[in-house]
Amino acid sequence: MTNRWKSIGLAAFLAGLALSASYAEAAGVLTIGRREDSTTFDPIKTAQNIDNWVFSNVYDVLIRVDKTGTKLEPGLAESWTASDDGLTYTFKIRDTKFSDGSPLTAEDAAYSLLRIRDNPASLWSDSYKVIETAIATDTHTLTIKLKNPSAPFLSTLALPNASVISKKGMESLGAEAYGEKPVASGAFVIDEWRRGDRVILKKNPNFWQADRVKLDGVEWISVPDDNTRMLNVQAGELDAAIFVPFSRVEELKKDPNLNVDIDASTREDHLLINHAHGALGKKEVRQALDMAIDKNAIVDAVTFGQGTVANSYIPKGALFHYADNLQRPYDPAKAKEMLAAAGASDLTLNYLVRAGDEVDEQTAILVQQQLRKAGITANLQKVDPSQEWDMTVAGDYDISVNYWTNDILDPDQKTTFVLGHDSNNNYLTNYKNEAVKELVAKARLELDPKKREEMYVDLQKMAKEDVNWIDLYYSPYINVSRKNIDNFHQNPLGRFFLEDTVKN
């Protein structure tokens, strides 16, 4: 899903060489293996976990989500108040500095919010259009006026993409340079970004909680192949790795040198469908696809009992999840009949698959076999993850498995992104339903929790009826670390609290 090496074999080879030469052998520097390289450090220009999970420790936000992933807590805003009419919010900004030593002020916070709202490159503008004005009334006071009351507003301030950036730094460096090596407001600063290899972070001495940070630095190292990444941790060449394949969990648990961390998540895996491609634009065809896929078989074969079948785009355990949402039965014969009735017999689909991703490859083979029983031919196109993401963004696919983890506590953000607006083609699917879009906007404004829940239940039903995508399964975060690493965890929204991680 990001820019990275063109060849998995070459990537694994280079990763092995690079690991042995890493400065991270020094005490206090944590090395983490991940599949993909970052794409940018400009928060408004990405919607990918591979970016957000890194810059959540490079930037800080006004309001944070706590470690349990269930409530908001102060970040760069040490306190805030709201007017009785819910239209005016006043934030007290901490007396702190950016990594370059310049003061972090309310003007920087206002600039950051107006930029995510107004910049043409922002992927998140719709969620911030409710802001009418954001003004620094003094150095440490930010006043925000909303166009109308907004239930998810405070939650949206905790989105990593709404991080506080340096106005002076952005204006002097320019967006491109800032996206390569930004001025940091968080626990770590980017020391070097070796594209296709690693991101090297060093402790930010100007971070307002610098005393809390135990590590001297962090290296996020791209090791695309799952097997190679696990072997590197077992051999002590990496301190930790994320995206542990389900098939390796029990084996790694038996290694006395390792900790396998299974953390609650908001992850949902789903099959993206490109509605702009021929017969896939017909609801009946998408419904037939849904019936042609045996989700229980995928959960059993691919997740080794770690996953549960998904029935909604809002994950189990998240606010307003509708537990009784429709789950179409697995019925390839019925699916075949529906395709014939829709004039889509002998349907042939281009299925993009991330090479080197064990779970993605296993899922693709299963789905291909299942679709065949309904008379659908799925041609698997295995590509490097960076190429796969670019192709998906460009719409060069028919179907492809992807995943989402919630970025804020409120369901508005995901709902807006996948159902409710057009700026990203509803998360790359080209899904369009004006009634759905209208209800997404209304749900954002409704302040009565009961009425709001009813709206989100309706949205989940409507999304399932339309098959905006095919819900597959929910699963936890599974990461592995060496025994000398403490406090290497994610909260349910995916944030790593590396400011608390210790390398003994």
Should the pair Lys145-Glu132 be classified as a salt bridge under the 4.0 Å nitrogen-to-oxygen rule?
no

Can you tell if the side chain of His489 reaches within under 4.5 Å of the side chain of Tyr477, non-hydrogen atoms only?
no

Are Asp471 and Lys464 within salt-bridge range, i.e. N to O under 4.0 Å?
yes

Decide yes or no for Leu289 and Leu280: does some side-chain heavy atom of the first lie under 4.5 Å from some side-chain heavy atom of the second?
yes

Please check: side-chain N/O of His140 versus main-chain N/O of Lys92, any donor-acceptor pairing under 3.5 Å?
no

Looking at Pro160, is its backbone amide N or carbonyl O close enough to the side chain of Asn52 to form a donor-acceptor pair, meaning the two atoms are under 3.5 Å apart?
no

From the list Asp407, Thr405, Val65, Asn57, side-chain contact (heavy atoms from CB on, under 4.5 Å) partner of Arg495 resolves to Asn57

Would you indicate whether Gln209, at its atom CD, is surrounded by more than 12 heavy atoms from other residues, nucleotides or ligands within a distance under 6.0 Å?
yes

Quick check on side-chain contact (heavy atoms from CB on, under 4.5 Å): which of Asn479, Val54, Leu498 does Ile32 satisfy it with?
Leu498

Taking NZ, NE, NH1 and NH2 as the nitrogens, is one of them in Asp500 or Lys67 under 4.0 Å from a carboxylate oxygen of the other?
yes

Tyr456 six-ring centre to Arg452 NZ/CZ under 6.0 Å and within 45° of normal:
no

Residues Asp331, Lys334: salt bridge by 4.0 Å N-O rule
no

Is the Phe246 ring parallel, tilted or perpendicular to the Tyr473 ring (thresholds 30°, 60°)?
perpendicular

For Lys451, is there any backbone N or O sitting under 3.5 Å from a side-chain donor or acceptor partner on Glu446?
no

Distance flag, aromatic centroids of Phe188 and Trp220, threshold under 6.0 Å
no

Using the side-chain contact (heavy atoms from CB on, under 4.5 Å) definition, which of the options Val285, Leu271, Ile273, Ile470 pairs with Asp290?
Ile470

Identify the residue among Asn468, Asn325, Thr415 that makes a side-chain hydrogen bond (donor to acceptor under 3.5 Å, both in side chains) with Tyr313.
Thr415

Got more than 12 heavy atoms from elsewhere within 6.0 Å of CG, Asp448?
yes

For Asp398 and Tyr351, indicate whether the former's side chain and the latter's backbone hold a donor-acceptor pair under 3.5 Å.
no

Do NZ/NE/NH1/NH2 and the carboxylate oxygens of Lys283 and Glu465 come within less than 4.0 Å?
yes

Are Lys442 and Leu445 close enough that some pair of their side-chain heavy atoms sits under 4.5 Å apart?
no

So, Asn311 versus Gln327: side-chain donor-acceptor pair below 3.5 Å or not?
no

Under a 3.5 Å distance rule, please check whether Thr416 uses its side chain to pair with a backbone N or O of Ser127 as donor and acceptor.
no

Under a plain distance cut-off of 3.5 Å, with no hydrogens placed, do Asp51 and Thr39 share a side-chain donor-acceptor pair?
yes

Okay, side chain of Tyr431, backbone of Ala463: is any donor-acceptor separation there less than 3.5 Å?
no

Are Glu180 and Arg195 ion-paired here, with the side-chain N under 4.0 Å from a carboxylate O?
yes

Is any side-chain heavy atom of Met391 closer than 4.5 Å to one of Tyr397?
no

